[in-house]
Amino acid sequence: MSDTKRLRVGIMGGTFDPIHIGHLILAECAYEQFQLDTVQFLPSGNPPHKTDRTNGASDEERLEMVVLAIRDNPHFSLDAEEMRRGGFTYTCDTLVALRQQHPDTEYYFIIGADSLLSFDTWRKPEVISQNCVLLAAVRDQLSVSAMEPKMEEFRERYGAKIYLLQTPNIDISSTDLRFRRQEGRSLRYYVPDAVLNYIEQKDIYNDIVI
Ligand code: ATP
Ligand code: MG
């Protein structure tokens, strides 16, 4: 390997409440399609757009579920920095800090179509765009042709480098999984076995919300 090779690192950010196979498939597809060296899972500390987390897992539990979900994949790792930081956490700040620490690394931030559509409401989208490549995957049956104009808009407005990630539409969300569990339905195969065992053992997502 030459000295000049830049490390290509994927970032899979999320609340992971809980982590599910949608997140894992996205990360693996990004690794494969963009020749990434590794994908770091970045659980958000306190995301400003998710202030109501009734019946959610604790920060420690979300973190532990990520650890359990990725531990058998050698090119996945955990970055717990946003959780350590406390207060509201913003992707732009995290990326700037990462680039300062690792100026020779190329970052690839992985998002689903819902995140793509709301990208211009994120804090400092132009700073995010300067500090990473964005990889966007289909979600919620949203067609690629609906995503493309948005991608083009953000390229023009923010100079974003943004590419489509080829994935199947994976109709799973953490919100749905929390409801399933409240209703006493199985999460088997939606989350890795180790995560399922942990949820059952710790009795997470069982509170009745009225
Ligand atoms: P919640 O329902 O609590 O919002 P979520 O399933 O959307 O949970 P997040 O932690 O919010 O999971 O998602 C982190 C990132 O992963 C976001 O960019 C989101 O778009 C993406 N993502 C999550 N699930 C999927 C999925 N099934 N298909 C494509 N992208 C997904
Ligand atoms: Mg979400």
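We count ligands from 1, going down the list as the structure has it; atoms in each ligand are counted the same way. Note that the coordinates shown come from a computational prediction; the quantities given were computed from them, not determined experimentally.
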Ligand 1 atoms in contact with [X] (distance to a heavy atom under 4.0 Å):
X	value
Ser115	17 (C), 18 (O), 19 (C), 20 (O)
Thr175	1 (P), 2 (O), 3 (O)
Gly14	10 (O), 14 (C)
Ile170	26 (C), 27 (N), 28 (N)
Gly13	14 (C), 15 (C)
Ser173	2 (O), 6 (O)

Please determine if [X] has a nitrogen or oxygen closer than 3.5 Å to a nitrogen or oxygen of ligand 1.
X	answer
Ala137	no
Asp114	yes
Gly112	yes
Met12	no
Phe16	yes

Q. Should the proximity of Leu26 to ligand 1, defined as any heavy atom under 4.0 Å, be assigned to the side chain, the backbone, both, or neither?
A.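 Contact part for Leu26 vs ligand 1: side chain (C-beta onward).
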Q: Kindly indicate, with the supporting measurements, whether the criterion side chain to side chain donor-acceptor pair (under 3.5 Å) is fulfilled by Tyr205 and Asp17.
A: CA-CA 9 Å; Tyr205 310 123; Asp17 192 14; 2.6 Å; yes
Q.
With side-chain contact (heavy atoms from CB on, under 4.5 Å) as the test, pick out the partner of Val191 among Ile19, Ile21, Leu177.
A. Leu177
Q. For the side chain of Arg8 and the backbone of Gln35, is there at least one donor-acceptor N/O pair under 3.5 Å apart?
A.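 Pair found, side chain donor or acceptor close to backbone of Gln35.
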**Q.** Phe76: partners by ring pair (Phe, Tyr, Trp, His ring centres under 6.0 Å), with sequence neighbours left out
**A.** Phe41
Q | Listed once per pair and sorted, the side chain to side chain donor-acceptor pair (under 3.5 Å) pairs that draw on residues 191-202, sequence neighbours left out | A | none
Q | Lys5/Asp37 salt bridge by N-O under 4.0 Å criterion | A | yes
Q.
Suppose we call two aromatic rings close when their centres sit under 6.0 Å apart. Are Tyr190 and His20 close by that rule?
A.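 Aromatic pair excluded; centres sit 6.0 Å or further apart.
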Q) How about Ile110 and Phe34: do any of their side-chain heavy atoms sit closer than 4.5 Å? A) no
